[in-house]
Amino acid sequence: VRFAVSGAVNLTSDINVKSYKTVDGRNASVTIRTFGLRLVSVSHVIIHNLRFDGRQGPVHAKKGGGGDAVKVKGGTRHVWV
C-alpha cells in the first residue's frame with residue numbers, strides 16, 4: 001500500500017496486515033488514527049514513514065485495541081518498521 005495523498009486515516013478497527021506487504025507513507029504525510037496495524041503469524045512486512053495517533057481509552061480496549069499502534073504477535077518474523 002502506497003499513500004498518494006497526505007491526510008488522516010480514521011480506523012474503526014485494527015488492519016490485519018498479510019505477509020509480503022509494504023505499508024508506505026513516503027512522499028506523503030499520513031496519520032493513522034484510532035486503531036492501528038496488526039501482524040499475526042506473518043512475514044516479510046515493511047511499515048515505512050507513518051504516524052499513529054489516538055490509541056488510548058477504554059472504548060478501544062473493548063474493541064480489541066490495547067494502546068499499541070503496531071501489534072506484532074504469534075510467530076511474526078522479518079518485519080521492518
All heavy atoms of Thr76 vs all of Lys73, minimum pair found to be OG1-O, 2.6 Å
Partner of Phe52 under side-chain contact (heavy atoms from CB on, under 4.5 Å), picked from Thr34, Asp68, Val70, Val30, is Val70
Rounded to the nearest 0.5 angstrom, the NZ-CG distance for Lys71 and Leu37 is 11.0 Å
- Ile15-Val42 co-clustered via ILVMFWY side chain contacts under 4.5 Å: yes
Item to complete: Given side chain to side chain contact (heavy atoms under 4.5 Å, CB included), test Leu39 with Ile47 step by step and report yes or no.
Response: CA-CA 11 Å; Leu39 290 70; Ile47 300 168; 4.3 Å; yes
Item to complete: Indicate yes or no: does Arg38 engage Asp14 in a salt bridge with an N to O separation below 4.0 Å.
Response: no
Review point. Would you call His44 and Ser19 a side-chain contact if the rule is heavy atoms closer than 4.5 Å?
Key: no
Here the pair of heavy atoms bringing Ala28 nearest to Val5 is CB-O, 3.7 Å
Between Lys18 and Val45 the two heavy atoms that sit nearest each other are O-CG2, 3.7 Å
- prompt: Strictly under 6.0 Å, is that where the ring centroids of His48 and Trp80 end up?
  reply: yes
Heavy-atom side-chain contact between Val1 and Thr22 under 4.5 Å = no
One should read off an interatomic distance between Asp24 CG and Arg26 CZ, to the nearest 0.5 angstrom, of 4.0 Å
Would you check if Phe3 and Asn27 make a side-chain contact, meaning some heavy-atom pair closer than 4.5 Å?
no
* Common cluster, Val81/Ile46, ILVMFWY with side-chain heavy-atom separation under 4.5 Å -> no
Nearest heavy-atom approach of Ser6 to Ser29 is OG-N, 2.8 Å
